[in-house]
Amino acid sequence: MSNLLPEPFREFESLAAIWSCGTERERHTVRLTSEFEQLQQLYDAVLPEIERIVAHLNQFPMGGLPTQEQNLLNLSFSCMEVALPVEAHGQSTVPGGFEPERFMVDF
Amino acid sequence: MGLVEFLGQMGRDMQAFPFDDLSHIARYQARVKVNWKAFTDAFREGYHVAMVHGGSIPDSMNSPANPQGVPVSSRLYGSHYSMSTWANPEHKPTPSEALAWKMGMTFSPGEQLEMGGVNPSGDEIWWFDMNMVFPNFYAAMGPGWVFTYHFWPRSVDETDWIMNIYQMDAKDYGELIAQEHTKVLLRDLLYEDLSTLESTQRGMASGVLTELNISNSMELSVRQQQWVVQQWVNGDGDPGQV
């Protein structure tokens, strides 16, 4: 099976299999339907490495990432998707919030 | 009447903003069970932040020095309204927020880019401006980002809501990841706002309260809306620029 991520980031392969989604709507859906522990795992693993990830991605022009690098960027977006749940909510959804099935994420 | 004339001084106060340098980064929509005027009332004051968003942004617009998040300035522009919010200078960013600010920018009090078209009263401690364009358009404008709401009434107790978010174009991938932080932070705050608004509507519809007190200072624009809507409904039209 081919690798999802570039060589220096293979430690995140199993996370990428879940979280490297190409749209905000997909990332949000995965977050809402995942156990909180899975959000915590992504946050703990990727957040401390974001600057190393960005240094790698910035070798490429904006809008011109190869597939593995695009997966790495999408994984970083998902890390931001789970940041507030981990740092503030303590759960995957917003406590006391609007019903997610009625909230449309267009992009 | 053209748009420029209709916006009047409010439009002139925004004119220098570098709208062309921003990217459209998100759009959200929902049908919310709340009257459209009650909906916009919620964005005509800042004190709800300390309560409704107390868990998610506990110290951005409020602190022991300003527990209710009293705004730093307000402007009445005839039918329109603008308010500048206070930013807590002691705000402590979360790890992801600090990272977003290191790589680019996010929606939270942080480094203030110098730019025109915002902070029209020149307040020293300033987070962003909440601009309400009569009757149904809202634009929050900060140092490098804008988010807007459209409110479309469906019935007396139902409104279609559309949110768009714009942020300074990302010049590298760090800035792009910071944009994602902006989106998620704002999105989760709106989950909190929309559920609160439906509770407000249910409370009003119960009829238990026959009157609501409106604060002179904290809800200036709630009073304004009551008056302006009556002006238009009674056929007196735009009260004009004040």
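Every chain is numbered from 1 and lettered A, B, ... according to where its sequence line falls, protein lines coming before strand lines.
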What are the sub-3.5 Å donor-acceptor pairs between chain A and chain B, distances to 0.1 Å?
unit_1    : atom_1 : unit_2    : atom_2 : d
Glu24(A)  : OE2    : Tyr28(B)  : OH     : 2.4
Glu24(A)  : OE2    : Arg187(B) : NE     : 3.2
Glu24(A)  : OE2    : Arg187(B) : NH2    : 2.9
Arg27(A)  : NE     : Glu180(B) : OE2    : 3.4
Arg27(A)  : NH2    : Glu180(B) : OE2    : 2.9
His28(A)  : ND1    : Arg187(B) : NH1    : 2.8
His28(A)  : NE2    : Tyr191(B) : OH     : 2.8
Arg31(A)  : NH1    : Asp188(B) : OD1    : 3.2
Arg31(A)  : NH1    : Asp188(B) : OD2    : 3.2
Arg31(A)  : NH2    : Asp188(B) : OD2    : 2.9
Glu51(A)  : OE1    : Lys102(B) : NZ     : 3.3
Glu51(A)  : OE2    : Lys102(B) : NZ     : 3.1
Asn58(A)  : OD1    : Tyr173(B) : N      : 2.9
Pro61(A)  : O      : Tyr173(B) : OH     : 2.6
Gly63(A)  : N      : Tyr173(B) : OH     : 3.1
Glu81(A)  : OE1    : Arg187(B) : NH2    : 2.8
Glu81(A)  : OE2    : Arg187(B) : NH1    : 2.9
Glu87(A)  : OE1    : Thr94(B)  : OG1    : 2.7
Glu87(A)  : OE1    : Ser96(B)  : OG     : 2.8
Glu87(A)  : OE2    : Ser96(B)  : N      : 2.8
Glu87(A)  : OE2    : Ser96(B)  : OG     : 3.1
His89(A)  : NE2    : Asp188(B) : OD2    : 2.8
Gly96(A)  : O      : Ser195(B) : OG     : 2.8
Phe98(A)  : N      : Tyr191(B) : O      : 2.9
Arg102(A) : NH1    : Glu198(B) : OE1    : 3.2
Arg102(A) : NH1    : Glu198(B) : OE2    : 3.4
Arg102(A) : NH2    : Arg31(B)  : O      : 3.0
Arg102(A) : NH2    : Glu198(B) : OE2    : 2.6
Met104(A) : N      : Gln29(B)  : O      : 2.8
Met104(A) : O      : Gln29(B)  : N      : 3.0
Asp106(A) : N      : Arg27(B)  : O      : 3.0
Asp106(A) : OD2    : Arg27(B)  : NE     : 2.7
Asp106(A) : OD2    : Gln29(B)  : NE2    : 2.6

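Taking chain A as the reference chain and counting heavy-atom pairs below 4.5 Å, the highest number among Gly174(B), Pro95(B), Ala100(B), Ala178(B) is found for Pro95(B).
Heavy atoms of Ala170(B) lying under 4.5 Å from chain A belong to its backbone as well as its side chain. Interface remark: Leu73(A) contributes side-chain atoms only to the contact with chain B (heavy atom separation under 4.5 Å). Within the 4.5 angstrom heavy-atom criterion, no atom of Pro58(B) approaches chain A. Leu194(B) touches chain A through backbone and side chain together, each having a heavy atom under 4.5 Å away. Interface remark: Ile25(B) contributes backbone atoms only to the contact with chain A (heavy atom separation under 4.5 Å).
The two atoms that bring Ala88(A) and Gly55(B) nearest to each other are CB-O, 3.6 Å, heavy atoms only. Scanning both residues, Met80(A) and Leu99(B), for their nearest heavy atoms gives CE-CD2, 4.4 Å.
The side-chain heavy atoms of Leu189(B) and Val94(A), taken from C-beta on, include no pair separated by under 4.5 Å.
For Ala16(B), there are no side chain to side chain contact (heavy atoms under 4.5 Å, CB included) partners two or more places apart in sequence or in a different chain.
Considering CD1 of Ile177(B) and CD1 of Ile50(A), their distance stands at 5.0 Å, rounded to 0.5 Å.
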